[in-house]
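Only a predicted model underlies this, so the values are computations on that prediction, with no experimental measurement involved. Every heavy atom of this structure was used, including side-chain atoms; hydrogens, water molecules and symmetry mates were not.
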Amino acid sequence: MNSCRGGRTAMIVGAGIAGLTAAAALAGAGWQVEIAEVDPSTATSGWGLCLAGPALRALAELGLADDCLAEGYGMNGITHVDVDGEPARRIRLPRLIGARRPAMAGIARPVLHRILHAAAEQRGAVVHQGLTVTAVDQEGELVHVQLSDGTVRQVALLVGADGIRSSARSLLGLEASLDYHGQMVWRALVPRPRWATGIHRFAGKTDTAGLVPISAGQAYVFLTENGVEQSVLPEAELAPRLRRILEAFPGRVEEIRPLVSASESVVRRPVLTAFLEGAWNRGNCVVIGDAAHAPAPQMAGGAALAIEDGLVLAEELGRHRSVGAGLEAFVRRRRQRCRTLVETSVAIVGLEHARRHREAHPLTDAGHRLMAEPA
Ligand SMILES: Cc1cc2nc3c(=O)[nH]c(=O)nc-3n(C[C@H](O)[C@H](O)[C@H](O)COP(=O)(O)OP(=O)(O)OC[C@H]3O[C@@H](n4cnc5c(N)ncnc54)[C@H](O)[C@@H]3O)c2cc1C
């Protein structure tokens with residue numbers, strides 16, 4: 001058991017996928033958990049997400065996979081379509097949570113957040129919206145956490161789960177570099193075409209597009225624009241610009257293109273990756289999720305890693321006598337798996353740049369095989 005004067009108390013920075021999962025897992029293991037989430041609103045905006053098999057497996061451990069499958073869209077395969085519009089390859093992914101459940105699921109981000117948020121609160125975690133951490137100081141086994149509302153907490157554990165641009169990471173003096181890879185990714189919500197019962201990836205002459213169902217009625221279109229500067233476009237330009245880029249794709253994309261109608265349902269983000277080469281932990285503080293390891297979205301593995309982090313963190317803290325030893329064990333267990341996934345995703349980005357799409361397939365397979373191994 002932990003030998004902290006603060007008892008089993010934790011402050012988590014960030015109520016994203018990693019923070020909410022860690023909160024649910026820690027609270028389920030008897031920790032008293034608070035989350036400081038800088039966003040004042042619980043209404044997460046944004047596009048859909050593909051929960052790959054390992055993400056579903058980790059959610060199943062928390063008892064949440066069936067909720068996600070009920071509100072999302074279960075799928076078993078990926079169809080790769082060549083530049084000429086012809087199917088090049090169909091991949092069936094392993095069903096990691098049993099033969100009766102699908103291999104993966106598409107889900108709207110706000111739906112996943114609602115499910116995770118409810119799970120964390122049901123287990124007793126308290127989520128504070130519109131709050132952040134402004135200073136952290138450690139004295140022996142106690143972490144003094146200064147919050148933006150002027151209050152202070154003294155806890156046994158601080159978890160930085162505040163995403164790729166983590167400020168908790170900076171407060172702890174754990175520096176990571178963010179790498180931009182000359183790609184902007186697009187996501188657009190569209191009605192699900194009846195034929196879209198799995199993921200489709202369409203190789204273009206310069207870019208890659210695709211479609212992921214996220215419910216019976218909805219799907220998201222994705223597009224990866226290659227060789228472009230990082231930039232922000234006015235919102236009104238998003239939908240017309242995406243439709244224009246999709247004109248370069250033949251076949252089924254011609255059918256999808258007119259479905260991209262309103263710019264409010266379109267987002268465009270830079271492909272950034274990060275991996276913390278040095279320590280992820282300092283004393284009784286640690287960073288998890290994208291704050292420690294952010295892969296490019298090509299492998300659809302970021303959410304799985306974030307959810308696994310929360311589970312493994314609670315597991316290792318339960319196994320060790322002190323928080324510090326639990327965090328060391330957590331990082332030892334997670335580092336190589338996360339590094340390999342980030343590196344694989346970066347290699348895939350490189351091949352997409354070089355328009356060597358087919359050569360990316362074995363890398364994608366290797367990434368899926370790695371992630372199918374237990375966390
Ligand atoms: C365009 C795009 C598409 C993607 N598609 C997929 C996909 O299909 N499948 C997949 O598995 N992964 C995908 N990913 C990756 C996935 O979204 C991330 O890996 C995942 O969200 C990481 O979760 P996280 O909780 O670590 O970080 P986030 O989801 O970024 O959550 C961080 C949270 O911390 C909060 N926060 C930030 N700063 C502070 C602060 N100072 N104080 C308090 N709170 C703070 C934020 O508001 C947020 O709620 C995609 C990423 C992108 C960019």
Value rounded to 0.5 Å, distance of [atom1] in [X] from [atom2] in [Y]:
X      : Y      : atom1 : atom2 : value
Leu62  : Ile115 : CG    : CD1   : 12.0 Å
Thr344 : Leu370 : OG1   : CG    : 7.0 Å
Thr208 : Arg355 : OG1   : CZ    : 10.5 Å
Ile288 : Ile307 : CD1   : CD1   : 11.0 Å
Met371 : Thr340 : CE    : OG1   : 10.5 Å
Leu327 : His320 : CG    : NE2   : 10.0 Å

- Task: Given side chain to side chain contact (heavy atoms under 4.5 Å, CB included), test Trp31 with Leu157 step by step and report yes or no.
- Result: CA-CA 10 Å; Trp31 285 71; Leu157 169 69; 3.8 Å; yes

Are the side chain of [X] and the backbone of [Y] linked by a donor-acceptor contact shorter than 3.5 Å?
X      : Y      : value
Asp137 : His144 : no
Gln129 : Asp39  : yes
Arg123 : Ala29  : no
Asp162 : Ala168 : yes
Thr134 : Gln146 : yes
Asn76  : Ala103 : yes
Thr273 : Ala294 : no
Arg337 : Leu341 : no
Arg114 : Arg109 : no
Glu359 : Leu351 : no

Between [Y] and [X], does any NZ, NE, NH1 or NH2 come within less than 4.0 Å of an OD or OE carboxylate oxygen?
X      : Y      : answer
Arg169 : Asp290 : no
Arg201 : Glu352 : yes
Glu315 : Arg319 : yes
Arg153 : Glu34  : yes

What pair of heavy atoms forms the shortest contact from [X] to [Y], and how long is it?
X      : Y      : result
Leu313 : Ala22  : CD2-CB, 4.5 Å
Leu317 : Val323 : CD2-O, 3.8 Å
Ile214 : Gly48  : CG2-CA, 4.2 Å
Ala303 : Leu51  : CB-CD2, 4.3 Å
Val190 : Leu259 : CG1-O, 3.6 Å
Arg192 : Pro213 : CD-CB, 3.6 Å

### Query
Do the ring planes of Trp280 and Phe275 sit parallel (below 30°), tilted (30 to 60°) or perpendicular (above 60°)?
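Geometry flag for Phe275 against Trp280: perpendicular rings.
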
Query raised in the report: How are the rings of His200 and Trp195 set to each other: parallel, tilted or perpendicular (split at 30° and 60°)?
Result: perpendicular

Check: Asp149/His128 side-chain N/O donor and acceptor closer than 3.5 Å: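 The criterion, which ignores hydrogens and geometry beyond distance, is not satisfied for His128 and Asp149.
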
| query | Taking atom types as modelled and ignoring hydrogens, do the side chains of Arg268 and Ser231 form a donor-acceptor contact shorter than 3.5 angstrom? | reply | yes

_Residues, nucleotides or ligands: over 12 heavy atoms within 6.0 Å of Gln32 CD_ =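 For Gln32, atom CD is not crowded (no more than 12 foreign heavy atoms under 6.0 Å).
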
Enclosure of Arg165 CZ (heavy-atom neighbours >12, cutoff 6.0 Å) = no

4.5 Å side-chain heavy-atom contact, [X] and [Y]:
X      : Y      : result
Met104 : Leu93  : yes
His293 : Arg335 : no
Glu141 : Asn284 : yes
Cys285 : Gln138 : yes
Leu20  : His113 : yes
Trp186 : Val266 : yes
Met184 : Pro270 : yes
Leu116 : Ile17  : yes

Connected via hydrophobic side-chain network under 4.5 Å: [X] and [Y]:
X      : Y      : answer
Leu305 : Val287 : no
Val155 : Leu147 : yes
Leu189 : Leu211 : no
Leu49  : Leu96  : no
Met299 : Ile78  : no

Stepwise side chain to side chain contact (heavy atoms under 4.5 Å, CB included) test for Ile91 and His80: CA-CA 8 Å; Ile91 302 174; His80 289 272; 3.6 Å; yes

Of Arg334, Arg332, Arg333, Arg321, the one forming a salt bridge (charged side-chain N to carboxylate O under 4.0 Å, His left out) with Glu316 is Arg333

Determine all donor-acceptor pairs shorter than 3.5 Å in which one atom belongs to a side chain in residues 236-254; sequence neighbours excluded.
residue : atom : partner : partner atom : Å
Arg243  : NH1  : Val260  : O            : 2.6

Those residues at least two apart in sequence (or on a different chain) that pass side chain to side chain donor-acceptor pair (under 3.5 Å) with His353 are none

ask   = With sequence neighbours left out, what residues match His117 under ring pair (Phe, Tyr, Trp, His ring centres under 6.0 Å)?
value =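 Not a single residue meets the ring pair (Phe, Tyr, Trp, His ring centres under 6.0 Å) criterion with His117.
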
**Study point:** Val145 and Val152: CA distance, side-chain angles, deciding distance, side chain to side chain contact (heavy atoms under 4.5 Å, CB included) verdict
**Key:** CA-CA 5 Å; Val145 185; Val152 177; 5.9 Å; no

Exercise for the section: Dump the intermediate steps for side-chain hydrogen bond (donor to acceptor under 3.5 Å, both in side chains) on Gln298 and Gln183, then the final yes or no. Expected result: CA-CA 11 Å; Gln298 274 80 346; Gln183 288 186 330; 2.8 Å; yes

Would Val221 and Val212 satisfy side chain to side chain contact (heavy atoms under 4.5 Å, CB included), going step by step from the backbone distance to the final call? CA-CA 7 Å; Val221 174; Val212 180; over 6 Å; no

Only one of Ile256, Leu223, Asp82 passes side-chain contact (heavy atoms from CB on, under 4.5 Å) with Phe202, and that residue is Ile256

